[in-house]
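Structure first, commentary second.
Bear in mind that the values here come from a model prediction, so they are computed numbers and not experimental data. Here is how names work: the chains are called A, B, and so on, in the same order as the sequence lines, proteins then strands, and each is numbered from 1.
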Amino acid sequence: MAWTATPRRAIPAGMKKGDHLFLVDGSGYIFRAYHALPPLNRKSDGLPTNAVLGFCNMVWKLMQDARNTDVGVVPTHFAVIFDYSSKTFRNDLYPEYKANRSAPPEDLIPQFGLIRQATTAFNLPCIEMEGFEADDLIATYCRLACEAGGDTTIISSDKDLMQLVGPTVGMYDPMKDRQIGIPEVVEKWGVPPEKMIDLQALTGDSVDNVPGVPGIGPKTAAQLLEQFGDLDGLLARAGEIKQDKRRESIIANADKARISRELVTLKNDVPVVEGLDDFVLHAPDGPKLIGFLKTMEFTTLTRRVGEATATEIGDVQAVPVTIERADTAHGPDVGSGAPAAAESAAGAGPDEAVSAKAQAPAQGDTPSLLSALRLEAASAGKIDKSAYVAIRDAATLKAWLAEVKETGIVAFDTQTTSSDPMLADLVGFSMAIAAGRAAYVPLAHTSGNGDLLGGGLIDNQIPVREALALLKPLLEDRSVLKIVQDVKYDIVVMNRHGIDVTPFDDTMLISYVLDAGTGHHTLAALSEKWLGHAPTPLKDLAGSGRSLVGFDQVDIDRAAGYAAEHADVTLRLWRVLKPRLAAKGLVSVYERLERPLVPVLARMEQRGISVDRQILSRLSGELAQGAARLEEEIYGLIGERINIGSPKQLGDILFGRMGLPGGSKTKTGQWSTSAQLLEDLAAEGHELPRKIVDWRQLTKLKSTYTDALPGFIHPDTRRVHTSYALAATTTGRLSSSDPNLQNIPVRTAEGRKIRTAFIADKGHKLVSADYSQIELRVLAHVAEIPQLTQAFAEGADIHAITASEMFNVPVEGMPSEVRRRAKAINFGIIYGISAFGLANQLSIPREEASAYIKKYFERFPGIRDYIEATKAYAREYGFVETIFGRRIHYPEIRSSNPSIRAFNERASINARLQGTAADIIRRAMVHMDEALDKAGLSARMLLQVHDELIFETVEAEVEATIPIVRQVMEHAPMPAVSMSVPLHVDARAAHNWDEAH
DNA sequence: ACAGAAGCTTA
DNA sequence: GTAAGCTTCTGTT
């Protein structure tokens, strides 16, 4: 279960293997939360609500996604269990049981009923039964889940429940965010869970008035049980106890111990009404839950739920709740057995009973149906642009912003003069507060050719400074959610004006989390896909290519229509897409791996990196000279001055006129002049191909790097600011462009000279930290390969170990060729190996490559199993998942075309490994700044190159920075995932990137 | 002016 | 065999 998803079923069914039941000890939680949390009263009438809020926060966290907590699993089934009354079968057994319980505090009493109502509002089964304690019901459902093959987590920290802990049953303490398993029970009590009953029988419980044996505490009890095995053994051989007092007490109180045992033994065969199939987890009904939360006046949680369920909280009315007063209450069971109260609390109709049976199958409950309804609503209505407005004065803008503040949600977009956010000047911004209700605020539109007249600013525009001053409080308002398509761009633009955009949602990123692998995530693509609407393309307004003008030159009315539509479409998309995250269990991927990376990358892009112009200029000259010399030699050899950069001309000369052997054709029928092919010819002794390959290398370095990079040096910062795309790759990797700083040469000595131009500021150093063999480590972890796991744990040479296993040669004195082949196979596995590819890579016959692969799978059958399981999974579900739950879709994996199918299979095998590695470094990046901050270090993250992070730091802090960076990177998977293979990071510092790497 | 192919750079 | 982005050439618009 390390990686496989458990697709949620919409149709109630019993449990099966792999399902996970959450049982919340509701009654236990009430008392604990009441005492642990600070007092809280509803503002409007002083109703005490601290335990209710604690309960709602806890349940929301658990329901949203278990990765938010230390539980680490996603529940498929969920129920909240309560005590029904204070009188149970145990009172018949022992009348004094729980007799010394005092009445609950006055301000706790109304909260009993409210918490039951909250449970119903969350769409969760609220389970209780007369004559039984919550603990007995929990024991019964644990047994049922276990028999069905499912796992259970009990949400409680009550020691009375620890007897239930076992291989398939764990506990989770929601207040300490801590898991309790078998080791934790042993650690705390000194005995395994199955001996907890005997231990409690000896120690007793003063709170519940369980007598136990006087003078025996947990330490003594554990020691006695260790010595005598169990309670019966102890009572039978009590005479052997050496200590006089202890021996006498046990013999005298043997009956008390026996009755105590009966009292603390949980009854796991309660004749329950609701079955496990009634506990199938459904997404909460946004409006229903929000209605309750609003009534409770839990503003933060209301907003969170609104965001997650994409419900406009302003639309939802508060609902009446039933409040039990102290004078009508009579103990902890207040409000229980009062379905009418719970019903009204949830705003449900009279037909909807609270019992889980009636509740579970309600149609609109399922997350997928909610999403479907949203989608239907979204694509049904045509996009009406008639209500879009242009705001030309501050008073109108203020009125709109006030309305946004009230609503708490706004879709937002900036219009600027450049697609590069570091160069963009703000021209205007648009916002949408409801479908069809959108406005554009022009700020800096100019008339005519500004290059001649200095740009005449058009009248009736709010000055940029004034507009930003009005906008800033809203963009920074924690209670207003900003919805933006590709928010990083807007964040960078706004940061440059001293504005922090928070909190935000990004429709592009939501789509990426939901649908990576199924197409692009641009606004146009998403609008077409989900709304059936093609928004106006920018080129219709600003032109393209040579005729491209800045957005400031666009007519204001046309700009208003375009920009307002952009915001309107963004808002509509968000309403369709956001609920899908919860429906598909992808909330935590979005919230943990995607959204928090946005401000991190925005900062990295704004910092940029220093690039030494002079070094590049000198290199460019050297490269030009080298290329010119080679050109002359090449012309001499072919006797003609062709364009060497034209593969067509080159191919015609080499394989046509000069008749060199072995030329193959490309798919357009041209001669192939690939480096591989020219290298082969050079190896056969031909002079010309070598020179062509060298010429290509020099011209490549010159045009792509030494000549292009200086053009990216920013006029103000004097640094180079790349742009990272978060949603461009299918696997979860970032991509870098304008310029791409993820493909700066490193393999050849010539190429590495480019890296010497990437430098630290005066008094600073660059620190480069890279993961060693991260994808192979991920492979060893997910495929659970003992030899590889061990080799990594020992820090051994992984390729040599592979070779040793395959070819039965010792690692000591291994020929380099043997190791090289094993290395190629290891990489081949990561790429979804094929005999064809391996043969190509090693320049060996395909049959030989096949034999290698066969041998490899014999020695590492776990890897073959992993590959087959991944293919089967991808074929069944159409996607694969990383160990952190990121999904990557392969819609063509069922293609009837074998080569398309095979390609998708290889890609899906690679995606889990590459994607997991990408997730790991994302997690490291998300946590890095805080870790450096905490350590008091000023190091700044500048670049990411897939498995490498580059920092700039003052020289004095280099030594302190490296261990922090390594610590964060090596432990990045924790606490979400604990890998069975250690991660290793190499880090070093130098003045330039070449020496640091 | 643009799109696609070919080729090269990286992890 | 996986994942990207950039430059040049070439043919078409």
Side-chain angles (χ1 to χ4, degrees), chain A residues 516-517 539 543-548 642-651 665-678 692-693 695-705 707-709 711-712 722-725 728-748 750-752 754-755 770-776 779 824-842 846 849 853 867 880 888 890 899 902-915 917-918 921 943-948 997:
Chain A
K539 66 168 163 46
S544 65
R546 183 175 252 279
S547 60
L548 180 73
I642 62 160
N643 182 350
I644 306 170
S646 163
K648 188 175 183 293
Q649 293 181 36
L650 196 62
K665 298 283 183 73
T666 66
K667 62 182 166 191
T668 52
Q670 295 293 325
W671 293 107
S672 166
T673 64
S674 70
Q676 174 67 58
L677 197 144
L678 297 180
I692 293 168
V693 168
W695 178 87
R696 278 185 181 165
Q697 191 202 1
L698 298 188
T699 53
K700 172 76 178 178
L701 292 176
K702 183 169 185 291
S703 66
T704 309
Y705 303 104
D707 291 355
L709 280 172
F712 286 100
T722 184
S723 172
Y724 287 104
T729 73
T730 48
T731 55
R733 274 190 176 181
L734 304 179
S735 76
S736 156
S737 64
D738 310 293
N740 181 356
L741 296 186
Q742 293 181 322
N743 69 347
I744 302 301
V746 70
R747 287 198 226 276
T748 66
E750 278 298 300
R752 272 199 299 277
I754 310 277
R755 291 194 171 216
D770 65 298
Y771 285 106
S772 155
Q773 314 271 27
I774 188 167
E775 287 176 2
L776 274 180
L779 172 68
I825 294 173
N826 277 335
F827 275 94
I829 297 293
I830 292 170
Y831 298 150
I833 201 154
S834 77
F836 180 83
L838 184 63
N840 248 352
Q841 176 67 30
L842 288 173
R846 193 134 63 109
I853 295 170
I867 287 173
V880 294
I888 301 133
Y890 290 93
S899 72
F903 174 81
N904 278 272
E905 286 172 355
R906 289 195 298 274
S908 63
I909 290 159
N910 172 255
R912 285 180 64 197
L913 307 174
Q914 187 182 114
I921 198 165
L943 302 179
Q944 189 249 41
V945 191
H946 308 309
D947 63 3
E948 176 188 14
H997 182 73

| task | Select base, sugar-phosphate, or nothing to describe what A:Ile830 touches, counting heavy atoms under 4.0 Å on all strands. | result | nothing
| task | Using the test side-chain contact (heavy atoms from CB on, under 4.5 Å), find all partners of A:Ala824 that sit at least two apart in sequence or belong to another chain. | result | A:Leu838, A:Gln841, A:Leu842
| Base, backbone or nothing for each nucleotide of nucleotides 4-11 of chain B, written B, S, -, heavy atoms under 4.0 angstrom, 5' to 3'? | -SSBBBBB
| request: Return the set of residues passing ring-ring contact (aromatic ring centres under 6.0 Å, His included) with A:Trp671 (not counting sequence neighbours), or none when no residue passes. | output: A:Phe655
| query | Which residues satisfy the side-chain contact (heavy atoms from CB on, under 4.5 Å) test with A:Asn826, sequence neighbours excluded? | reply | A:Leu776, A:His799, A:Thr802, A:Tyr856
Pairs under 3.5 angstrom, nitrogen or oxygen only, protein versus nucleotides 11-13 of chain C, please.
none

| task | Could you state the atom-to-atom distance from CG of A:Leu779 to C1' of C:dT2 in whole Å? | result | 13 Å
| message | Classify A:Ala849 by what it touches in the nucleic acid, base, sugar-phosphate, or nothing, heavy-atom distance under 4.0 Å. | response | nothing
| field | Contacts of type side-chain hydrogen bond (donor to acceptor under 3.5 Å, both in side chains), residue A:Arg755, not counting sequence neighbours | value | none
| query | side-chain hydrogen bond (donor to acceptor under 3.5 Å, both in side chains) with A:Ser547: which residues, sequence neighbours excluded? | reply | none
| query | Can you list the residues that meet the side-chain hydrogen bond (donor to acceptor under 3.5 Å, both in side chains) rule with A:Ser703, with sequence neighbours excluded? | reply | none
| said: Which residues pass the side-chain hydrogen bond (donor to acceptor under 3.5 Å, both in side chains) test with A:Lys700, not counting sequence neighbours? | reply: none
| query | Hey, does A:Ala708 reach any base, or is it just sugar-phosphate, or nothing, if we go heavy atoms under 4.0 Å? | reply | sugar-phosphate
| query | Can you check the A:Asn643 CG to C:dT7 P distance for me, whole Å? | reply | 17 Å
| query | Is the shortest side-chain N/O distance from A:Ser737 to OP1 or OP2 of C:dG5 below 4.0 Å? | reply | no
